[in-house]
Amino acid sequence: MIILIQYSLILLGSVAANDPGTEFLTYSGDILLGGLFPIHKQGGDEDICGQILDEDGIQPLEAMLFTLDEINRNESILPGIKLGSIVRDTCDSPVHAAKQSLDFIQGFMYRSVKSINPAVQCSNSSVKKIVGIIGAQTSQVSLEVARLGRLFKVPQISYLSTAVLLSDKKEYPYFFRTVPSDIHQARAILKVLSTLGYSYASVVHTQTDYGTTGYEALVESAQENHVCLADPLIIQENNHDEVITELLKNKLTKVVIVFADRNAAGLLLEAAKERNLTDKLVWIGSDAWASRKLYFNIFNSEAIL
């Protein structure tokens with residue numbers, strides 16, 4: 001069953017890559033959930049969407065489709081109601097995801113306007129059935145969608161976004177998630193270092209809501225775990241080699257904490273691999289880039305998994 005689903009998703013995905021405005025997948029139902037998944041990576045200079053993300057994109061989507069199947073088969077959960085979904089491809093891009101989520105928000109806009117003027121009609125029957133959004137995956141994408149969703153009270157549940165900012169209920173009152181905030185991740189990272197006897201670490205992070213607040217969470221918990229942090233190095237576009245050079249200048253560097261978004265972390269580790277540094281330093285990765293495929297591509301040992 002999963003093989004058939006994945007094959008059909010690949011076919012649909014090729015269409016979505018050529019025309020990113022197209023609907024990616026529809027699972028019919030009486031009420032619908034909007035789904036936001038990174039079926040493709042971010043594209044290059046002119047392309048919005050890049051290659052297909054099978055592990056981080058298609059597999060979470062398959063998990064949602066499986067869950068919908070299970071819910072609809074169990075008459076005790078939603079008796080007489082079929083739960084469905086309309087899925088859009090975020091291409092791991094905040095701006096593109098915001099555009100893709102507009103269709104989901106239209107239903108909430110329609111209901112809001114209709115409560116004021118009952119004569120208003122909406123010709124799109126699908127958007128009227130949408131009751132919430134599942135996703136997005138990365139924090140930057142979820143933040144962009146949550147900012148739009150709060151205007152029309154759109155419930156949003158992410159399965160992987162961990163940025164500290166998303167815990168602010170004044171700013172994001174309709175955002176929920178099934179994973180803990182990065183505050184807990186930062187504490188866990190420092191506890192591991194302390195337990196292993198490391199009292200000093202270098203930190204590299206992206207200058208995004210995810211990377212910056214992750215670093216701030218590390219700073220808040222460093223003293224209580226007796227870990228000293230070096231001045232942070234910030235990953236910016238095309239400066240990955242410079243970051244590696246700065247790490248090497250610091251003779252105390254044995255451990256590197258990388259609190260960075262997936263794409264940026266991958267490019268940094270590629271730069272480290274080119275200089276034969278992947279097994280000479282201890283790399284501590286945040287959840288955004290902790291995927292098996294990234295490890296296999298960068299490191300030559302299964303011991304890292």
Side-chain angles (χ1 to χ4, degrees), residues 9 12-13 15-40 48-49 57 60-61 63-65 67-69 71-72 77-161 165-166 168-178:
L9 290 179
L12 285 167
V15 175
N18 294 328
D19 184 2
T22 60
E23 192 170 285
F24 187 80
L25 183 144
T26 298
Y27 183 113
S28 62
D30 302 308
I31 57 176
L32 301 173
L33 299 171
L36 293 173
F37 292 86
I39 307 304
H40 292 84
I48 296 173
C49 303
L61 173 54
M64 188 186 78
L65 296 176
T67 303
L68 291 176
D69 283 340
I71 291 172
N72 290 330
I77 299 177
L78 293 172
I81 298 174
K82 183 181 180 184
L83 183 61
S85 180
I86 295 177
V87 176
R88 294 280 186 167
D89 185 357
T90 67
C91 296
D92 215 10
S93 163
V95 175
H96 181 63
K99 293 178 181 177
Q100 295 297 293
S101 67
L102 288 178
D103 274 356
F104 303 155
I105 297 173
Q106 279 182 30
F108 291 84
M109 295 170 63
Y110 165 70
R111 288 189 285 272
S112 177
V113 173
K114 193 171 181 64
S115 67
I116 301 171
N117 184 357
V120 173
Q121 296 296 323
C122 176
S123 60
N124 190 331
S125 59
S126 294
V127 300
K128 291 190 289 185
K129 297 180 180 180
I130 293 176
V131 297
I133 295 175
I134 302 297
Q137 186 180 103
T138 58
S139 294
Q140 286 302 107
V141 176
S142 283
L143 283 161
E144 194 73 22
V145 175
R147 291 183 183 112
L148 285 173
R150 68 184 173 186
L151 299 176
F152 296 96
K153 302 180 180 179
V154 181
Q156 178 185 350
I157 302 176
S158 171
Y159 58 94
L160 203 59
S161 297
L165 286 176
L166 288 165
D168 187 341
K169 286 303 174 187
K170 290 184 178 180
E171 290 294 320
Y172 308 105
Y174 305 102
F175 177 86
F176 306 89
R177 52 186 168 193
T178 60

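- Once rounded to the nearest 0.5 Å, the distance linking CG of Leu83 with CD1 of Ile77 reads 9.5 Å.
- Side chains of Thr26 and Val87 form no contact here, defined as non-hydrogen atoms less than 4.5 Å apart.
- Taken from CG in Leu78 to CG in Asp30, the straight-line distance is 9.5 Å, to the nearest 0.5 Å.
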Worksheet entry | Working for side chain to side chain contact (heavy atoms under 4.5 Å, CB included), residues Ile86 and Asp103 | CA-CA 10 Å; Ile86 295 177; Asp103 274 356; over 6 Å; no

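- You'll find the side chain of Leu143 stays beyond 4.5 Å of the side chain of Phe175, heavy atoms only.
- In this structure the side chain of Ser85 never reaches within 4.5 angstrom of the side chain of Ile134, judged on heavy atoms.
- Contact between Leu68 and Gly84 at its shortest, heavy atoms only, is CD1-C, 4.3 Å.
- No donor-acceptor distance shorter than 3.5 angstrom exists from the side chain of Ser112 to the backbone of Phe108, with no hydrogens or angles considered.
- Within the 3.5 Å criterion, the main-chain N or O of Tyr174 finds no donor-acceptor partner in the side chain of Arg150.
- A 4.5 Å side-chain heavy-atom check between Leu36 and Ser101 finds at least one atom pair inside the cut-off.
- A distance-only check finds a donor-acceptor pair linking the side chain of Ser161 to the backbone of Gln137 [under 3.5 Å].
- For Gln156 (side chain) and Gly135 (main-chain N/O), a donor-acceptor pair under 3.5 Å exists by modelled atom type.
- Sorted by first and then second residue, the salt bridge (charged side-chain N to carboxylate O under 4.0 Å, His left out) pairs with a member in residues 121-145 read Glu144-Arg147; sequence neighbours excluded.
- Here the shortest heavy-atom pairing between Pro155 and Lys153 reads CD-O, 3.3 Å.
- For the pair Pro38 and Thr138, the minimum side-chain heavy-atom distance is 4.5 Å or more.
- In terms of heavy atoms, Tyr172 sits closest to Leu166 at CD1-CA, 4.1 Å.
- For the atom pair CE (Met64) and CZ (Phe37), the distance works out to 4.5 Å, reported to the nearest 0.5 Å.
- In this structure, OG in Ser142 is found 12.0 Å from CG in Leu165, a value given to the nearest 0.5 Å.
- Between the CD1 atom of Ile71 and the CD1 atom of Ile81 there is a distance of 12.0 Å, given to the nearest 0.5 Å.
- When side chains are defined from C-beta on, Ile39 does not count as touching Leu25, because their heavy atoms never get closer than 4.5 Å.
- Closest approach of Gly29 and Leu32 over heavy atoms only: N-CD2, 3.7 Å.
- Here Phe152 contributes atom CZ and Ile105 contributes atom CD1; the two are 7.5 Å apart, rounded to the nearest 0.5 Å.
- Side chain of Asp92 to main chain of His40: no donor-acceptor pair is present (N/O by atom type, distance under 3.5 Å, no hydrogens or angles).
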